[in-house]
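In listed order, ligands and their atoms are each counted from 1. The first residue of the sequence shown is numbered 1, and numbering continues consecutively from there.
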Amino acid sequence: MTDRELINRATQATKNAYMPYSKFAVGAALECSDGSVYTGCNIENAALGCTVCAERVAIFKAVSEGKRSFRRIAIYANSSQYCVPCGVCRQVMQEFSPDMELLCARSDGRYVSYPLGRLLPSPFGKEFL
Ligand code: THU
């Protein structure tokens with residue numbers, strides 16, 4: 001799958017975003033090492049701390065289906081800024097695939113890519129336990 005195709009999947013995933021509080025729709029498309037793709041959108045809650053980001057929805061869908069190794073994740077928001085993941089999502093990515101790549105897209109279709117290690121240097125991991 002090309003970068004553009006993965007970003008298109010993330011863009012489509014924003015359709016189901018449940019974001020009545022922030023009005024900020026986010027979509028994610030996660031490509032697993034076996035080539036399968038899982039999508040997610042943000043899901044908010046009146047108790048704001050219960051909100052889950054699009055990236056974690058996609059990752060948890062994949063993990064719950066037995067996938068634990070990921071190549072790339074595309075993240076899209078209808079925004080003039082590239083949508084980069086929050087710290088919690090970075091840490092969840094790190095748990096499964098420290099070498100994965102992130103494609104962070106914005107509404108004009110442009111995107112930037114980062115290796116996860118650049119966005120989460122010196123991570124806490126299983127080797128500490
Ligand atoms: N959000 C995501 O889903 N992913 C990100 O990368 C950044 C933030 C969501 C959480 C919340 O529903 C809304 O965007 C505003 O923070």
Side-chain angles (χ1 to χ4, degrees):
M1 179 170 279
T2 64
D3 285 0
R4 181 57 57 198
E5 285 166 338
L6 199 63
I7 290 166
N8 287 345
R9 294 288 302 271
T11 305
Q12 287 163 14
T14 61
K15 287 202 193 97
N16 292 324
Y18 177 73
M19 37 67 188
Y21 308 105
S22 72
K23 319 272 194 235
F24 188 75
V26 184
L30 177 72
E31 182 186 59
C32 303
S33 298
D34 65 3
S36 57
V37 174
Y38 290 81
T39 60
C41 59
N42 52 331
I43 304 172
E44 298 186 344
N45 193 282
L48 297 176
C50 301
T51 293
V52 185
C53 295
E55 296 91 320
R56 267 175 293 147
V57 171
I59 293 166
F60 292 155
K61 281 169 70 177
V63 173
S64 72
E65 297 292 324
K67 309 298 166 74
R68 293 189 179 172
S69 178
F70 311 128
R71 262 189 226 140
R72 292 182 297 168
I73 188 167
I75 308 158
Y76 173 86
N78 186 17
S79 164
S80 58
Q81 314 256 31
Y82 297 113
C83 191
V84 291
C86 78
V88 171
C89 289
R90 295 177 198 199
Q91 180 66 28
V92 170
M93 292 173 198
Q94 159 69 29
E95 179 70 21
F96 295 103
S97 294
D99 296 323
M100 67 187 289
E101 185 186 7
L102 286 73
L103 309 177
C104 301
R106 63 185 195 190
S107 58
D108 66 1
R110 296 180 67 89
Y111 69 99
V112 287
S113 68
Y114 300 102
L116 178 58
R118 192 162 149 216
L119 296 186
L120 191 67
S122 305
F124 183 83
K126 30 183 101 95
E127 65 278 12
F128 286 78
L129 300 176

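When side chains are defined from C-beta on, R72 counts as touching L6, because their heavy atoms get closer than 4.5 Å.
A donor-acceptor contact under 3.5 angstrom links the side chains of S22 and E44, judged on distance only.
For ligand 1 and S22, the ligand atoms under 4.0 Å from any heavy atom of the residue are 13 (C), 15 (C). Residue P85 has at least one heavy-atom neighbour below 4.0 Å for each of these atoms of ligand 1: 6 (O). Proximity to C83 (heavy-atom distance under 4.0 Å) selects the following atoms of ligand 1: 6 (O).
The shortest non-hydrogen separation linking V26 to C83 is CG1-SG, 4.2 Å. The two atoms that bring C41 and N16 nearest to each other are SG-O, 3.3 Å, heavy atoms only. Pairing each heavy atom of S69 with each of S33, the nearest pair is OG-OG, 2.6 Å.
Of the protein's non-hydrogen atoms, E44 OE2, 2.5 Å is the one closest to atom 12 (O) of ligand 1. Closest to atom 14 (O) of ligand 1, if we only count protein heavy atoms, is F24 CD2, 3.4 Å. For atom 9 (C) of ligand 1, the closest non-hydrogen atom on the protein side is N42 ND2, 3.6 Å. Protein heavy atom closest to atom 3 (O) of ligand 1, with residue, atom name and distance, is A54 N, 2.9 Å.
When non-hydrogen atoms are compared, ligand 1 lies under 4.0 Å from neither the backbone nor the side chain of C89. Counting heavy atoms under 4.0 Å from ligand 1, residue C53 touches it through both backbone and side chain.
Below 3.5 Å of separation, one finds an N or O of V84 facing an N or O of ligand 1.
Using a non-hydrogen distance threshold of 4.0 Å, E55 registers as a contact of ligand 1.
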(message) side-chain contact (heavy atoms from CB on, under 4.5 Å) for R110 and Y82? Distances and angles first, verdict last.
(response) CA-CA 8 Å; R110 296 180 67 89; Y82 297 113; 3.9 Å; yes
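When each of M100, E101, R71 is tested with E31 by the rule side-chain contact (heavy atoms from CB on, under 4.5 Å), just one qualifies, namely R71.
In this structure, R68 fails the cation-pi test against F96, since its NZ or CZ atom is not both closer than 6.0 Å to the six-membered ring centre and inside 45 degrees of the ring normal.
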